[in-house]
A.B. asks: 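Okay, here's the structure, questions in a sec.
Below, chain A is the first sequence line, B the second, and so on; all start at residue 1. Values below: all heavy atoms of this structure, side chains included; hydrogens, waters and symmetry mates excluded.
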Amino acid sequence: MTEKYYLGIDIGSSSSKAVIIDGDAKIVGEKIINLGTGSRGPAEVILGAFEQAGITEVSKTVATGYGRIQFKDADKQMTEISCHAKGVKHLVPTAQTVIDIGGQDAKVIRIAPDGKVDNFVMNDKCAAGTGRFLEVMARVLDVKISELSDLAEKGQSGVTISSTCTVFAESETISQLSGGSKIEDIALGSHKSIAEKIVGLAGRVGLVDDIVMSGGVALNASVVKAVEEATGHKIIRVPDPQGAGALGAALYARDLDK
Amino acid sequence: MEANMTSKEMLNSLLAAHYENAEKAHEEGKLVAWCTSISPQELLETMGIYAVYPENHAAAIGARKQAPDFINYSESNGYSVDLCSYARVNLAYMDILQSEAGNIPKPDLIWCCSNICNTVLKWYEDIAKELDIPMIVFDTPFNHSYEVTDQNVQYIKGQLLEAIDKLEEITGKKFDYDKFHEIMDISRETSIWWKKASLTARAKPSPLDGFELFNYMATIVCMRGTKEGRDLYKLWYEELTEKAEKGLGPWKANKETGIIPEEKYRVMWDGIACWPYLGVTYKTLKKYGINMVTSTYPDSWYIVYETGDLDGMAKCYSSNYVNRSLDFGINNVVNIVNDFSLDGIVFHSNRSCKLMDFRQFEVQRQVEARTGVPSIIFDGDQTDPRAFNEAQFETRVQALVEMMEARKGK
Ligand code: SF4
């Protein structure tokens, strides 16, 4: 009998991720590209994941993320909410709560023991507290988004970015800069601002340990720390925060075969 | 009305007549009142004053996707985007007086009841001032106690009596109490048939496609005190009951495949419809087999009191759920969940309606704790199309399906 494989593809607003697993849920191929829905990103990550896995065919595919509806080759489309929960639960079996901050939304998800979603809250259609907010910050501070974390580690508390609107926060930052605030401190302030937003969301579903953070923004260690401080809970950063949704999708694809 | 009409045909013809007759009344020199949606129309009907409803009219403009023209007009006139979009549409309409969704003539009188919100007080006052016409207000204080207090009942009753005096003054006619009682009879019966029709959705599957509530509500607002309105809801009830007896669900067979879509999940819709996206929201829910079987609308126009009982009348107009305490609001939704065997709830967080949004998170939290039924909140607006996003709506709906599935253990 030939081995069966399962593909999960997570097509976000600013990146695409593909994960292929085998029948034992072992990852055999994975690819992430910073190009989202409507671009060549989805096709490329699939190709990349297949190459890495050294296979040409999968048994089932589940698509998730903002671009899932447009992606026609899936056996099933599922929300990123369910897929992140599933992926995180697989990687961190003790997880009860997921904080997932992606490019255009932020969510707090409570997971049932079987890895399914028990409840969730999501930010409203506002970029506050999302990856997009950090992108804007990085641009104003003239640094790469990947540099924000190290920068903030050197920062001192004190600068607050209080606007919830990303456009307002941008002008607030510009006036902080012209007022002589240091970019390290502003970077830290912007991370704290994300953390505050998460506290507001989390209050509605409750935070139950273990709390795991996933999504692209979890790559930023300073944000994770700010969330820890703001919530007073220990936060576990999921290994491979960007791929957790795609992994969850692949696991759901495997479930389809059961 | 012609015999053999379906209730749908009747609805459409009544609505068309409602707008035509308003124009006619105006041309014939009859008085026209602009009224809030849940106001004591019985008094106007008795006096032969033609009642039209700006909220309803704004909703119709929204459903026709014509709201941006009016909203932009109002905003460039200086009204804030934070103002209720019904108000922004109507305050523009007051100047433009022309829409594709039918027209309402300029008012001679403003008839405003605060049981739905406080926005209407200032919005209607604005119209009255600008057009220099009389405004009659029914101030219905928020009910912090669980039941409407006797003090509130007396206060509102006093206003009803005063309104009668004012109407006599404005029209120069005596108030006809026999006619008043007749209108009370009709209004009560209309309310009862409306509610009975909506209750047919308790059957599984529901014979009622809940989005029909959004269509049929137009006449419960505009024609509650008319015999035609009453007959419409009675007929609708009969049609739905017949469907239920045959075991028929909400939807017809797909024209191409011949397959009848199955009602897989039953949800309630909290808040006002997203009129510009009525089709989108409907299709998205239906795609996942979700029937919105009920909402808070059926009870909003269940205004039932004994003929001649002004205390009862006062109490009814104070009893609208948004004018009641948090505990009442929660119990109300919990009862709906149980009564209609719901699988989930869709909460519309409506940018326009601060009052409805105000306690939504808490209602959601407590209803979920008490019923175990999952729910989602989506952002939208009843008439301003800029405040809604289709993809975000669908993500939340699909997440609701995933939660409902998980809880049903399907
Ligand atoms: S939508 Fe809300 S704010 Fe606007 S009139 Fe209705 S109740 Fe008032």
A.B. asks: Can you tell me how far CZ of B:Arg396 sits from CD1 of A:Ile81, rounded to the nearest 0.5 angstrom?
C.D. replies: 7.0 Å

A.B. asks: Quick check: closest heavy atoms across A:Asn119 and B:Arg407, and the distance to 0.1 Å?
C.D. replies: N-NH2, 4.3 Å

A.B. asks: Taking side chain as everything from C-beta outward and backbone as N, CA, C, O, which of these in B:Gln364 sits under 4.5 Å from a heavy atom of chain A? Side chain, backbone, both or neither.
C.D. replies: side chain

A.B. asks: Can you confirm whether A:Arg204 sits close enough to B:Ile377 that some side-chain heavy atom of one is under 4.5 Å from a side-chain heavy atom of the other?
C.D. replies: yes

A.B. asks: Taking everything shown except A:Lys89 itself, do over 12 heavy atoms lie less than 6.0 Å from its NZ?
C.D. replies: yes

A.B. asks: Below 4.5 Å from any heavy atom of chain B, which atoms of A:Glu80 appear? Answer side chain, backbone, both or neither.
C.D. replies: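 For A:Glu80, the side chain is the part near chain B, not the backbone.
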
A.B. asks: Kindly indicate whether the side chain of A:Met78, heavy atoms from C-beta on, has any atom under 4.5 Å from the side chain of B:Glu402.
C.D. replies: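 Result yes, sub-4.5 Å side-chain heavy-atom pair found.
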
A.B. asks: Test side chain to side chain contact (heavy atoms under 4.5 Å, CB included) on A:Arg68 and B:Thr395 and set out the steps.
C.D. replies: CA-CA 10 Å; A:Arg68 71 189 181 284; B:Thr395 295; 3.3 Å; yes

A.B. asks: Within the structure provided, determine whether A:Val121 and B:Phe361 are in side-chain contact (heavy-atom separation under 4.5 Å).
C.D. replies: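 No - every pair of side-chain heavy atoms lies 4.5 Å or more apart.
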
A.B. asks: Please classify the contact between A:Asp118 and chain B as side chain, backbone, both or neither, with a heavy-atom cut-off of under 4.5 Å.
C.D. replies: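 Both backbone and side chain of A:Asp118 come within 4.5 Å of chain B.
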
A.B. asks: Do B:Met403 and A:Lys116 have side chains that approach each other closer than 4.5 Å (heavy atoms only, starting at C-beta)?
C.D. replies: no

A.B. asks: When heavy-atom pairs shorter than 4.5 Å are enumerated against chain B, which of A:Asp105, A:Val117, A:Asp114 gives the highest number?
C.D. replies: A:Val117

